[in-house]
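Let me begin by presenting the structure, written as structure tokens, before commenting on it.
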Amino acid sequence: MEKELAKTYNPKDIEDKLYQKWLDKKYFHAEVDKSKKPFTIVIPPPNITGQLHMGHALDNAMQDILIRFKRMQGYNALWQPGTDHASIATEVKIIEKLREEGIEKQDLGREGFLERAWQWKEEYGGRIIEQLMKLGSSCDWGRERFTMDDGNNHAVNKVFVKLYKDGYIYKGSKIINWCPICHTSISDAEVEHEEQSGHFWHIKYPIAGEEGYVEIATTRPETMLGDTAVAVHPEDERYKHLIGKNVILPIMNKEIPVVADAYVDKEFGTGVVKITPAHDPNDFEVGKRHDLPEVNIMNDDATINENGGIYSGMDRYEARKAIVKELKEQGLLVKVEDHSHNVGTHDRCHTTIEPLVKPQWFVKMDDLIKPAIEAVKSGEIELIPHRFEKTYFNWTDNIRDWCISRQLWWGHRIPAYYCDSCGEIIVSEEEPSRCHVCGSTNFRQDEDTLDTWFSSALWPFSTLGWPEKTEELNYFYPTDVLVTGYDIIFFWVIRMIFSGYAHMGEKPFSKVLFHGLVRDSEGRKMSKSLGNGVDPLDVIDKYGADALRFSLITGNAPGNDMRFYWEKVESSRNFANKVWNASRFIMMNLEKADIPETIDERILTQADRWILSKSNTLVREATDNLETFEMGIAAQKVYDFIWEEFCDWYIEMVKPRLYNDEDNTKVAALWTLQKVLTHSLKLLHPYMPFVTEEIFCTLQEMTGLKEKESIMISSWPIYNPDWEFTKDTESIELIKGAVKGIRNVRSEMNVPPSRKATVIVVSDSERIREIFTESKVFFATLGFASEVLVQKDKSGISGDAVSTVIPSAQIYIPFADLVDIDKEIERLTKEKERLEGELKRVKGILANPNFVSKAPESKIAEENAKLEKYRDMMDQVMERLQSLDK
RNA sequence: GGAGUCAUAGCUCAGCUGGGACGAGCGUUCGCUUGACGUGCGAAAGGUCAUGGGUUCGAAUCCCUUUGACUCCACCA
């Protein structure tokens, strides 16, 4: 034997070696080949600042499973990899690092900062890729892309200019979400709403020129510095008389009008609302409707600016306190109530966002989104599981314009240029040479960069070469499946879909497969602050990538969150070890024999045909499950088959034949072992690529059967209709039942395997007797029988035997000295009661005229067969009980 | 205020389009140096499928109610 497998499976010995081999052989590489059907997945590009976490591990394991499966099926499978510049996340990290060196971002200036950022990218950008490799990901690394590489920059600029020219991108002063810590605007999708307990301050605003006042209630008293009106509902009888009059804004001592607007809820608060158009999205709208001035009272760091009078320079919360204090002193504070309300925070830093009016760039969404809605509605794009369609439509139906400008440096700089002399805005891919209005040649490029999702929205086609008309684009686009977490439906999935239609005229992918979050063992989100994260690399180090992958995709339904358990990884590792050892055993036997590629199928035994049949069914089912993305179910079936049917039953059944050189069916056993093992390894390969590859290669070397030099390029097993051996399957299931019965009896009586005994099978059916006669040998190894007698009647069986009943046969084991008649009666009585229950159920259902008339025929036949079976068993139990009674 | 998910063995979860829960892993109990594997083998205990209704010959599975847990969306000051 050239190669030998170690006694226990050690992933560390083989994983890196095999991955390197795959890379060297370029198995991951896909070339355009019109003779083959493409299957394409684009990776959700991980962040360059990122460390591999469990979410990545799950996401990539799923993609790798699909890609490997399709590759083996003969598709030209491309898994397109790459990384994301992740503008704000990266910029924040770089700023943190600079601070450690005592440097502020501003000190470096834009150029200097970007230099550092690229350095960072060079240093860390490759790390996450190496980590993905550890998982076994079969990405076509030669095609790796980055959202800020030249091609992507080109794509981004082209899209921006095109959308601008077509009127979909505009610049406008609107109220946006401002993060006072990150000093940038953020989109609605980046705002997280947190329930916070706060207060409701009731404040008097005196009516100008007359006695009295109105009482308003607010959660943010500091914004009153920027109030430019108060509003009441037009139909509110209490305040109708005030409409058109003025009130005096306390502290600022300025007159502001009372306007009528239906936005005001009469029932809520006092029914009078202060209007601060520059600092509240609703008020902004009201302000627009009533043509109110917008008074901005805040700086970018959320301190009060010069418009805030004496509060100028104070932080927003400091100012709040001071203002409340002042109102109290002036007797204008009516009361303070506790109040819990939703506060918008930045999803990155969790700072309370500040709505501010600022000039920003937006994408007009109402028309662009239409094809994206239609695609999912019509089923052209399928979301799996379907329930996410509701989430999807919830967002698309309430779509708002997308704020795409960010006040950051790391990212795609907006390709808009301002003429120095006349201020004309020129949007173009290249810096313009002269102004088309005034002829000036001096321009200033817009300082802002684009939302990081602007470039990722183009990912499915930009990575394939767009805007160039590459043959890759032509061949691999649209891609087949997108695999991602449900948490980025709004950020990414929707934007890719509308972008695909807008720029390619076609969907970016046909299916989106969503998975959930990987939580810790207590169900909490894994997070840095909790310190409960589990590093996938640690898991790989301890148990291997195969075990990690397997444990992540089994035992949970698609789209559901799951918990991480070390125990589960361990059990997956044990499974890998099981496969390893079964293979080792098979190879130990194969090496001494010469197995032909095909054999005369007439020498196959019942057991051989049974396992071939089972394995054949498994091929069909596991393939079907994978086709419908039920990976966990497919994996579970492969696991059950290998461990139970193949290892615990078939291999054990076949041992006597292997140890007996005289047995002329030995070659059939070896042939079957090899065949079924190969099929099993292939079915398992997408989940456990490393262990299956190692075994497959060793097996090939040993047997000299050179199918392929790697399992990952071998062909996926195909269902063979000639291997449906129904009769043999029934026979073996009967034998299994008998063996189980014997083991049960022995175990209950505490008879150790070392004590052999005669097994007597009694059946009046000739067919049953034949089955048992052919399979006598199994009882020796599996049921610890010294000899097996198969007979028609009970002659020679005395009362002091224990027995077990299976359909159409009775099995006796004469343990003369051990038999405790009372115990035997007790056992049989228990069995009798069980059968009585079954019979009652079956008889009941068959006696129901509605069932008999309405249920499908097959179901009725099934129930009739059961009835017969239970009756037969019952007869035997009763007979046995009577014989013991004497 | 909308929407969604979950509630099945001690624990974590599977159970697809309705047809007996031979459910899975871990854990528990008992027994095994069976010539691949103790990361193993065999046997066993353990569930009125949250609640109350409905549809059906038949419901863990479909519909509604209630309770409890979670998540997402949302401009009620």
Side-chain angles (χ1 to χ4, degrees), chain A residues 5 7-9 175 188 193 200 216-220 223 231 263-265 267-276 280-285 339 341-342 344 355 387-388 390-391 393-395 398 486-487 489-490 516-517 521 523 543 547 551 554-557 559-565 567-568 570-589 625 628 630 632-633 636 639-640 647-648 651-652 655 658-659 737 740 743-748 750-754 781-782 784 838 841-842 845 848-856 858-859 862-863 866:
Chain A
L5 296 180
K7 189 169 173 182
T8 50
Y9 171 55
I175 195 145
D188 294 329
H193 293 274
F200 227 175
I216 60 102
T218 179
T219 54
R220 299 199 55 196
T223 61
Y263 147 73
V264 179
D265 179 350
E267 312 303 320
F268 191 82
T270 61
V272 187
V273 187
K274 62 192 262 323
I275 300 297
T276 323
D280 182 282
N282 294 309
D283 294 5
F284 181 79
E285 297 300 326
H339 180 66
H341 58 143
N342 276 319
R387 69 180 129 93
F388 289 112
K390 294 205 173 172
T391 315
F393 292 129
N394 191 338
W395 178 267
N398 299 296
Y486 62 74
D487 49 332
I489 294 181
F490 312 125
L517 264 47
S521 61
Y543 293 105
S551 70
T554 46
N556 79 304
N560 284 5
D561 289 356
M562 61 186 302
R563 299 186 189 197
F564 178 87
Y565 280 94
E567 292 87 339
K568 199 174 169 197
E570 192 176 323
S571 90
S572 300
R573 186 276 313 265
N574 293 352
F575 175 54
N577 186 246
K578 186 72 185 177
V579 174
W580 180 263
N581 271 294
S583 307
R584 202 161 68 92
F585 173 76
I586 292 167
M587 284 190 256
M588 276 166 51
N589 286 283
N625 287 136
T628 50
E630 294 165 318
I633 295 175
Q636 190 64 48
Y639 176 100
D640 289 343
C647 292
D648 292 345
I651 290 181
E652 293 306 323
K655 276 179 178 172
L658 298 179
Y659 301 147
K740 279 182 186 168
R743 283 171 174 172
N744 183 317
V745 168
R746 294 185 66 115
S747 179
E748 270 183 32
N750 280 317
V751 187
S754 54
T781 45
L782 307 178
F784 311 103
E838 299 289 8
R841 193 200 129 260
V842 180
I845 197 171
N848 183 340
N850 286 322
F851 175 78
V852 182
S853 60
K854 290 183 182 173
S858 61
K859 185 69 198 164
E862 206 179 292
E863 293 297 332
K866 282 180 197 165

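On a predicted model such as this, the values are computed, not experimentally measured, just so you know. Protein chains get the first letters and strands the later ones, always in sequence-line order, with residue 1 at the start of each.
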Mind checking the C1' distance from B/C63 to B/U39? Whole angstroms is fine.
-> 48 Å

Euclidean distance for C1', B/A50 against B/C6 (whole angstrom) | 11 Å

Between A/Lys390 and B/G4, does any side-chain N or O lie under 4.0 Å from OP1 or OP2?
-> yes

Does A/Asn848 make a side-chain donor-acceptor contact with the base of B/C57, cut-off 3.5 Å?
-> no

Does some side-chain heavy atom of A/Asp640 sit less than 4.5 Å from a side-chain heavy atom of A/Gln636?
-> yes

Specify the residue among A/Trp395 and A/Ser571 whose closest nucleotide of RNA chain B lies further upstream toward the 5′ end.
-> A/Ser571

Nearest non-hydrogen partners of A/Asp561 and A/Gly516, listed with the distance | OD1-CA, 3.4 Å

Atom OH of A/Tyr486 and atom P of B/C70: how far apart are they, to the nearest Å?
-> 14 Å

Pairing residues for A/His341 by the ring-ring contact (aromatic ring centres under 6.0 Å, His included) criterion, not counting sequence neighbours | A/His339

Using atom CD1 of A/Ile275 as one end and atom C1' of B/A77 as the other, report the distance to the nearest whole Å.
-> 8 Å

Determine the Euclidean distance between corresponding C1' atoms of B/G25 and B/G15; express it in Å to zero decimal places.
-> 15 Å

Side-chain N,O (A/His339) to OP1/OP2 (B/A77) below 4.0 Å = yes

P atom, B/C13 versus B/U71: distance in rounded Å?
-> 14 Å

Would you kindly give the CG-to-C1' distance between A/Asp280 and B/C76, to the nearest whole Å?
-> 10 Å

Using the P atoms only, state how far B/C49 lies from B/C70, rounded to an integer number of Å.
-> 25 Å

Send over the distance from A/Asn342 CG to B/C72 P, rounded to a whole Å.
-> 12 Å

Interatomic distance at C1', B/G19 relative to B/C62, whole Å = 14 Å

P spacing across the pair B/C75 / B/G2, given as an integer number of angstrom = 15 Å

Have A/Asn560 and A/Tyr486 got a donor and an acceptor in their side chains that come within less than 3.5 Å?
-> no

Is it true that the NZ or CZ of A/Lys655 lies under 6.0 Å from the centre of A/Phe585's six-membered ring and within 45 degrees of the ring axis?
-> yes

Starting at CG of A/Asp188 and ending at P of B/C72, how long is that distance when rounded to a whole Å?
-> 17 Å

Both distances under 3.5 Å, Watson-Crick or G-U wobble: on that basis, could you give the dot-bracket string for RNA chain B, with [ ] for crossing pairs and | for other-strand partners?
-> (((((((..((((.....[...)))).(((((.......))))).....(.(((..]....))).))))))))....

Closest heavy-atom contact between A/Ser572 and A/Ala547?
-> CB-O, 3.4 Å

Atom pair distance, as rounded to whole Å: CG in A/Asn398 and P in B/G4 | 14 Å

In B/S/- notation, 5' to 3', how is nucleotides 32-44 of chain B contacted by protein heavy atoms closer than 4.0 Å?
-> S--BBB-BSSBSS

Residues in salt bridge (charged side-chain N to carboxylate O under 4.0 Å, His left out) contact with A/Lys568, at least two apart in sequence or another chain | none

Between P of B/G4 and CG of A/Leu517, the distance in whole Å | 20 Å

Could you write nucleotides 8-18 of chain B as a row of B, S and -, 5' to 3', where a protein heavy atom under 4.0 Å of any base atom gives B, of only sugar-phosphate atoms gives S, and otherwise -?
-> ----SSSS---

Say you pick atom C1' in B/A9 and the same atom in B/A45; how far apart are they, in whole Å?
-> 11 Å

When you check the gap from the basic side-chain N to the acidic O, do A/Arg573 and A/Glu567 get nearer than 4.0 Å?
-> no

Touch check for A/Pro849, heavy atoms < 4.0 angstrom, all strands: base, sugar-phosphate only, or nothing?
-> nothing

Between A/Phe490 and A/Phe393, is the ring centre distance below 6.0 Å?
-> no

Mind checking side chain to side chain contact (heavy atoms under 4.5 Å, CB included) for A/Asp487 and listing every partner two or more places apart, or none if nothing turns up?
-> A/Leu517

